[in-house]
Amino acid sequence: LPERSTNLRGVRHILLVLSGKGGVGKSTLSTELALALRHRGHRVGILDVDLCGPSIPHMLRVQDRAVHQCDSGWVPVFVGQDRAIALMSIGFLLEQPDDAVVWRGPKKNALIKQFVTDVAWGDLDFLIVDTPPGTSDEHISTVEALRPYRLLGAILVTTPQ
């Protein structure tokens with residue numbers, strides 16, 4: 001593992017949730033998959049890299065929470081009383097939950113890399129990465145940042161048309 005990022009060392013499997021278009025249910029699938037894995041006794045994290053439409057905090061009803069710092073980086077927001085799902089999203093970093101994120105590629109790519117290297121996930125069985133719609137630079141940045149780690153695979157969400 002890269003020396004500068006030991007925060008993913010305790011993550012056993014990483015799953016990307018992708019699609020070529022918006023509105024197909026990536027965030028819903030990511031949320032339901034995390035809940036199902038948690039129900040089976042797994043420790044789960046969700047990394048929401050949909051920077052322009054971070055919906056996971058709202059779906060898990062934690063949009064009013066804040067991210068804090070610790071010695072090893074950002075502490076993710078934990079969901080539920082049992083704290084069984086860890087979550088990181090730009091939604092926690094905005095002043096207002098509905099604020100628009102209008103950033104160019106380099107700033108988005110830097111934040112994605114920071115999410116990968118600077119979030120103190122702890123020990124997780126699965127980290128689910130909810131991606132934005134399309135085939136943008138954000139996808140390339142995410143895959144490049146995760147390349148050194150144990151990427152289990154990707155789930156491609158499609159629709160019949």
ask   = Would you find a donor on one side and an acceptor on the other, under 3.5 Å apart, between the side chain of Asn7 and the backbone of Gly122?
value = no
ask   = Quick one: CG on Leu60 to CZ on Arg65, what's the gap to the nearest 0.5 Å?
value = 10.0 Å
ask   = Do Trp121 and Leu8 come close enough that some side-chain heavy atom pair is under 4.5 Å?
value = yes
query = Between Thr131 (side chain) and Val17 (backbone), is there a donor-acceptor pair under 3.5 Å?
reply = yes
ask   = Are Phe115 and Trp74 close enough that their ring centers fall under 6.0 Å?
value = yes
request  = Could you check Ile46 against Val129 for side-chain contact (heavy atoms from CB on, under 4.5 Å), going step by step and ending with a plain yes or no?
outcome  = CA-CA 6 Å; Ile46 303 175; Val129 182; over 6 Å; no
query = Same hydrophobic cluster for Leu93 and Val77, using side-chain heavy-atom links shorter than 4.5 Å among ILVMFWY?
reply = yes
task = State, yes or no, whether a side-chain contact exists between Pro76 and Val67 at a heavy-atom distance under 4.5 Å.
result = no
request  = Before giving the answer on side-chain contact (heavy atoms from CB on, under 4.5 Å), spell out for Val143 and Leu146 the whole-Å C-alpha distance, their side-chain angles and the decisive distance to 0.1 Å.
outcome  = CA-CA 5 Å; Val143 170; Leu146 291 171; 6.0 Å; no
inquiry  = On a heavy-atom basis, which atom in Asp130 and which in Ser30 lie closest, and how many Å separate them?
reply    = OD1-OG, 3.2 Å
task = Find out if a path of hydrophobic residues (ILVMFWY) with successive side-chain heavy-atom gaps under 4.5 Å connects Met88 to Leu35.
result = yes
key: Leu29-Ile128 co-clustered via ILVMFWY side chain contacts under 4.5 Å   = yes
task = Calculate, to the nearest 0.5 Å, the distance between atoms CZ and CG belonging to Arg12 and Leu127 respectively.
result = 13.5 Å
request  = Please list, chain by chain and in numerical order, all residues satisfying side-chain hydrogen bond (donor to acceptor under 3.5 Å, both in side chains) with Arg43, sequence neighbours excluded.
outcome  = Asp125
message = Side chains of Asp50 and Pro133, heavy atoms from C-beta outward: is any pair under 4.5 Å?
response = yes
key: Residue pair Ser55 / Asp48: nearest heavy atoms and the distance that separates them   = N-OD2, 3.5 Å
inquiry  = Taking ring pair (Phe, Tyr, Trp, His ring centres under 6.0 Å) as the cut-off, I'd like each qualifying pair that reaches into residues 25-51, sequence neighbours left out, listed once.
reply    = His42-Phe126
Flag side-chain contact, heavy atom, 4.5 Å: Met59 against Ser27 = yes
task = Check the pair Thr158 / Val24 against side-chain contact (heavy atoms from CB on, under 4.5 Å), numbers first and verdict last.
result = CA-CA 7 Å; Thr158 63; Val24 298; over 6 Å; no
message = Taking the side chain as everything from C-beta on, heavy atoms only, tell me whether Leu33 gets closer than 4.5 Å to Leu15.
response = yes
key: Identified side-chain contact (heavy atoms from CB on, under 4.5 Å) partner of Val62 from the options Ile85, Ile56, Val79   = Val79
remark   = dist Thr31:OG1 -> Lys26:NZ (nearest 0.5 Å) comes out at 12.0 Å
ask   = Val44 and Leu124: side-chain contact (heavy atoms from CB on, under 4.5 Å), yes or no, with the steps?
value = CA-CA 6 Å; Val44 182; Leu124 295 177; 5.7 Å; no
